[in-house]
Amino acid sequence: MIIGELLEEGLILPSLAARTKNAVLAELVAAAGDHVPGLDAATALKVLKEREKLGTTGIGDGVAIPHGKMDCIERIVLVVGRSEQGVEFDALDHKPCTIFFLVLAPEQVVGQHLRVLAGISRLLKDDAFRRSFLAAPGADGLLRLLRAC
């Protein structure tokens, strides 16, 4: 699945206010809760925190891809966030994260969920793309950049 197909304008947060890992998760989930019918933000946050206990989703190079599966949603939800100051996210390289892709998926779409995660991961391994992501002007610039992928 192409990432651009999952993007919604209200789910791109170009300037996260959060300064901690839990606050980033809460801010990303709050955006999803405002735009996705049937999504219970408290449950989503719990799912993400439980996933983080299994191992960090901070993959390094300033990138975190928090993700989880939920019964209450009917489609994959993608929330994209950017932190200008960076947030300690227990990343594998011990560096702050500035780029966040939150992925929530229905329980029954495991294969599709994994393909989305793999696609995001491949995209974010590209140094030039990460630099473009960090430099993109506002939500509109991020949306244009991501839809071009």
Side-chain angles (χ1 to χ4, degrees), residues 1-49 51-52 56-70 72-93 95-106 109 111-149:
M1 172 171 283
I2 298 171
I3 293 169
E5 294 174 11
L6 297 173
L7 294 172
E8 294 183 32
E9 288 185 31
L11 298 179
I12 298 176
L13 310 176
S15 187
L16 293 170
R19 302 276 185 176
T20 67
K21 182 177 189 173
N22 285 336
V24 166
L25 293 174
E27 191 170 346
L28 295 170
V29 165
D34 289 343
H35 287 85
V36 179
L39 178 66
D40 175 44
T43 301
L45 192 54
K46 182 179 176 186
V47 165
L48 293 170
K49 287 180 179 181
R51 170 58 188 85
E52 289 296 324
T56 185
T57 57
I59 62 173
D61 292 324
V63 175
I65 310 173
H67 58 276
K69 291 177 268 181
M70 301 183 68
C72 65
I73 57 176
E74 297 179 7
R75 61 179 175 81
I76 292 179
V77 176
L78 177 63
V79 182
V80 177
R82 178 174 62 191
S83 170
E84 295 168 9
Q85 72 276 356
V87 176
E88 290 300 326
F89 210 82
D90 302 319
L92 297 175
D93 63 0
K95 294 180 182 176
C97 292
T98 54
I99 299 171
F100 299 90
F101 278 70
L102 168 68
V103 180
L104 295 172
V109 297
Q112 187 180 21
H113 175 228
L114 293 175
R115 284 191 300 277
V116 168
L117 291 174
I120 292 168
S121 181
R122 272 192 307 274
L123 182 63
L124 293 172
K125 285 182 181 183
D126 182 330
D127 289 336
F129 177 81
R130 288 194 312 274
R131 284 192 302 274
S132 295
F133 184 96
L134 294 172
D140 290 340
L142 285 171
L143 184 61
R144 280 191 305 277
L145 175 68
L146 292 166
R147 285 199 171 146
C149 297

Measure across [X] and [Y] and return the closest heavy-atom pair with its distance rounded to 0.1 Å.
X: Glu88; Y: Pro96; value: OE2-CG, 3.4 Å
X: Gly86; Y: Thr98; value: CA-CG2, 3.7 Å
X: Ala32; Y: Val79; value: CB-CG2, 3.8 Å
X: Gly58; Y: Cys97; value: CA-SG, 4.4 Å
X: Gly138; Y: Pro14; value: C-CB, 3.7 Å
X: Ala23; Y: Ala18; value: C-CB, 3.4 Å

| query | What pairs of residues pass the ring-ring contact (aromatic ring centres under 6.0 Å, His included) test when at least one of them lies in residues 118-143, not counting sequence neighbours? | reply | Phe101-Phe133

Rounded at 0.5 Å granularity, tell me how far [atom1] in [X] sits from [atom2] in [Y].
X: Ser121; Y: Ile59; atom1: OG; atom2: CD1; result: 4.5 Å
X: Leu123; Y: Leu146; atom1: CG; atom2: CG; result: 7.0 Å
X: Asp61; Y: Leu124; atom1: CG; atom2: CG; result: 9.5 Å
X: Ser83; Y: Leu13; atom1: OG; atom2: CG; result: 11.5 Å
X: Cys149; Y: Ile3; atom1: SG; atom2: CD1; result: 6.5 Å
X: Lys49; Y: Leu45; atom1: NZ; atom2: CG; result: 4.5 Å

Got [X] and [Y] here, is their nearest side-chain heavy-atom distance under 4.5 Å?
X: Pro106; Y: Ile76; value: yes
X: Arg82; Y: Leu134; value: yes
X: His67; Y: Val116; value: no
X: Gln112; Y: Arg115; value: yes
X: Leu48; Y: Leu104; value: yes
X: Leu25; Y: Phe100; value: no
X: Leu78; Y: Ile120; value: yes
X: Glu52; Y: Pro66; value: yes

| So, Arg75 and Glu8, do they make that salt bridge, N to O below 4.0 Å? | yes

| request: Decide yes or no on side chain to side chain contact (heavy atoms under 4.5 Å, CB included) for Ser132 and Leu145, but give the supporting numbers first. | output: CA-CA 8 Å; Ser132 295; Leu145 175 68; 4.0 Å; yes

| request: Could you go through the side chain to side chain contact (heavy atoms under 4.5 Å, CB included) check for Met70 and Leu39 one step at a time? | output: CA-CA 9 Å; Met70 301 183 68; Leu39 178 66; 3.6 Å; yes

| Would Leu16 and Leu28 satisfy side chain to side chain contact (heavy atoms under 4.5 Å, CB included), going step by step from the backbone distance to the final call? | CA-CA 9 Å; Leu16 293 170; Leu28 295 170; 4.1 Å; yes

| query | Near Gln85 CD, under 6.0 Å, is it more than 12 heavy atoms from other residues, nucleotides or ligands? | reply | yes

| query | When you measure from the side chain of Ser15 to the backbone N and O of Glu84, does any donor-acceptor pair fall under 3.5 Å? | reply | no

